[in-house]
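Structure record follows, encoded as structure tokens.
The residues of the chain are indexed from 1 along the displayed sequence. It should be emphasised that the depicted structure is a prediction, and the values quoted were computed from it without experimental measurement.
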Amino acid sequence: MNRPIPPLWREAEQHWLYLGDVLAWELFPAWGEAFCAGMGIQVIVKDSGADRHIWQCRGNGFDLLLQFEGLAETIWLEPLREADWPALQASFTE
């Protein structure tokens with residue numbers, strides 16, 4: 001991964017919050033695929049509920065969740081395990 005985090009992302013408490021344009025529910029899958037491909041993140045499992053997309057992904061030595069909350073119109077990345085946070089954080093700030 002080893003790319004600087006784009007300016008549309010902000011580090012929050014143990015997650016990265018997307019600050020870009022709000023996406024419609026049906027646009028998230030294409031956006032998520034493009035984002036993951038561009039960052040070198042492999043999507044392992046895709047799950048969609050009534051108002052949330054939750055994708056389990058694998059980066060360079062860590063696992064993470066890419067989530068989209070439809071009602072709150074929010075996208076964020078978070079480590080799957082607390083121990084993965086330092087590697088996720090470092091990969092976005094190098």
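Atom CD of residue E73 and atom CG of residue L23 lie 9.0 Å apart, to the nearest 0.5 angstrom. I75 contributes atom CD1, which lies 9.5 Å from atom NE2 of H53 (distance to the nearest 0.5 angstrom). To the nearest 0.5 Å, atom CG of residue D47 and atom CD of residue Q67 are 10.0 Å apart.
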Practice prompt. Dump the intermediate steps for side-chain hydrogen bond (donor to acceptor under 3.5 Å, both in side chains) on Q89 and E11, then the final yes or no.
Written response: CA-CA 8 Å; Q89 185 181 35; E11 184 178 352; 2.3 Å; yes

Worksheet item: Yes or no on side-chain contact (heavy atoms from CB on, under 4.5 Å) for L64 and E78, after CA distance, side-chain angles and deciding distance?
Response: CA-CA 5 Å; L64 61 116; E78 65 182 86; over 6 Å; no

Discussion item. One pair to check against side-chain contact (heavy atoms from CB on, under 4.5 Å): E69 and L71. What are the steps and the verdict?
Written reply: CA-CA 6 Å; E69 206 324 308; L71 295 175; 3.3 Å; yes

Worksheet entry | Stepwise side-chain contact (heavy atoms from CB on, under 4.5 Å) check, L77 with Y18 | CA-CA 8 Å; L77 292 168; Y18 181 70; over 6 Å; no

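When every heavy atom of Q56 is checked against every heavy atom of L65, the shortest pair comes out as CA-CD2, 3.9 Å. Shortest non-hydrogen contact noted between L66 and C36 is CD2-SG, 3.8 Å. Between H15 and E13 the shortest heavy-atom distance is ND1-O, 2.9 Å. For the residue pair W25 and D51, the shortest heavy atom distance occurs at CZ3-C, 3.3 Å.
Under the 4.5 Å side-chain heavy-atom criterion for ILVMFWY residues, no single connected hydrophobic cluster contains both L19 and L27. Grouping the Ile, Leu, Val, Met, Phe, Trp and Tyr side chains by contacts below 4.5 angstrom, directly or via other members, places V43 with L88.
Side chain of D84 to backbone of D63: a donor-acceptor contact under 3.5 angstrom is found.
Counting heavy atoms of neighbouring residues, nucleotides and ligands inside a 6.0 Å radius, atom CD of E26 exceeds 12 of them.
When the options W76, F28, F68 are evaluated for a ring pair (Phe, Tyr, Trp, His ring centres under 6.0 Å) with W55, the one that passes is F28.
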